[in-house]
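First the structure, in the form of structure tokens, and then the observations on it.
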Amino acid sequence: QVQLVESGGGSVQTGGSLSLSCAASGDTGSTTFMAWFRQPPEKKREAAAAISSRFGSTYYTDSVKGRFAISRDKVKNNLYLQMDNLKPEDTAMYYCAAGLIGGSWLPLFAGESQPRYWGQGTQVTVSS
């Protein structure tokens, strides 16, 4: 089992920045990736950014490319998401997730594959 606890959400104005953190514990060696998902109000949850546990490769959904940066501290077992130039459409509940993945990020970002482990979520609100 893997336990994930997010922190760092909050409210910010358009153009502002926020940084999210996720503390992972338990059998983290059983996972091959970690990711940040988000669920805007009345919309489906979607993958925003992901990072490979073994190679450190990253992948982003198009709407956050160039504005969000995912990173991981393997020693502390922490996952981070730096969010810059935030927009109102970034308003969502943000979830830390972890699981196993094959050779492609596409199923994860297409919503065809779901991580096994989830945090409880942290709210991000961007006002115009």
Less than 4.5 Å apart, side chain to side chain, heavy atoms only: is that true for [X] and [Y]?
X      : Y      : value
Arg38  : Asp90  : yes
Ser7   : Thr122 : no
Gln114 : Leu108 : no
Ser21  : Glu6   : no

Does any N or O in the side chain of [X] come within less than 3.5 Å of the main-chain N or O of [Y], such that one atom is a donor and the other an acceptor?
X      : Y      : value
Thr125 : Ser11  : no
Thr58  : Ile51  : no
Gln82  : Ser19  : no
Thr91  : Val126 : yes

What do the steps show when you test Tyr59 against Ser52 for side-chain contact (heavy atoms from CB on, under 4.5 Å), and what is the final call? CA-CA 9 Å; Tyr59 196 87; Ser52 166; over 6 Å; no

Would you give the length of the straight line joining atom [atom1] of [X] to atom [atom2] of [Y], rounded to the nearest 0.5 angstrom?
X      : Y     : atom1 : atom2 : result
Trp105 : Thr61 : CH2   : OG1   : 13.5 Å
Gln120 : Cys96 : CD    : SG    : 9.0 Å
Ser71  : Leu81 : OG    : CG    : 8.0 Å
Gln123 : Met93 : CD    : CE    : 5.0 Å
Asp27  : Gln3  : CG    : CD    : 9.5 Å
Cys22  : Asp73 : SG    : CG    : 12.5 Å

Can you name the closest pair of heavy atoms from [X] and [Y] and give their distance?
X     : Y      : result
Leu18 : Leu86  : N-CD1, 3.8 Å
Arg54 : Lys74  : O-NZ, 3.8 Å
Ala24 : Leu4   : CB-CD2, 3.7 Å
Leu20 : Met83  : CG-CE, 3.7 Å
Ser17 : Asp84  : OG-OD1, 2.8 Å
Thr32 : Ile101 : OG1-N, 2.9 Å

Consider only side-chain heavy atoms of I, L, V, M, F, W and Y, link residues closer than 4.5 Å, and tell whether Phe33 and Ile70 are in one cluster. no

Linking I/L/V/M/F/W/Y whenever any side-chain heavy atoms sit under 4.5 Å apart, do Leu106 and Phe37 land together? yes

Could you walk me through whether Phe109 and Tyr60 pass the side-chain contact (heavy atoms from CB on, under 4.5 Å) check? CA-CA 8 Å; Phe109 282 79; Tyr60 299 91; 5.6 Å; no

Under 6.0 Å from the NZ atom of Lys65, do we count more than 12 heavy atoms belonging to anything else shown? yes

More than 12 non-hydrogen atoms from neighbouring residues, nucleotides or ligands closer than 6.0 Å to CD on Gln13, yes or no? no

Under a 3.5 Å cutoff, is there a donor and acceptor pairing between the side chains of Tyr80 and Asn78? yes

Apply side-chain contact (heavy atoms from CB on, under 4.5 Å) to the pair Asn77 and Arg72, showing each step before the final yes or no. CA-CA 7 Å; Asn77 269 335; Arg72 183 180 180 186; 3.7 Å; yes

Could you check Gln39 against Glu46 for side-chain contact (heavy atoms from CB on, under 4.5 Å), going step by step and ending with a plain yes or no? CA-CA 6 Å; Gln39 185 168 17; Glu46 64 172 3; over 6 Å; no

Parallel, tilted or perpendicular: which one describes the rings of Phe68 and Tyr94, with boundaries at 30° and 60°? tilted

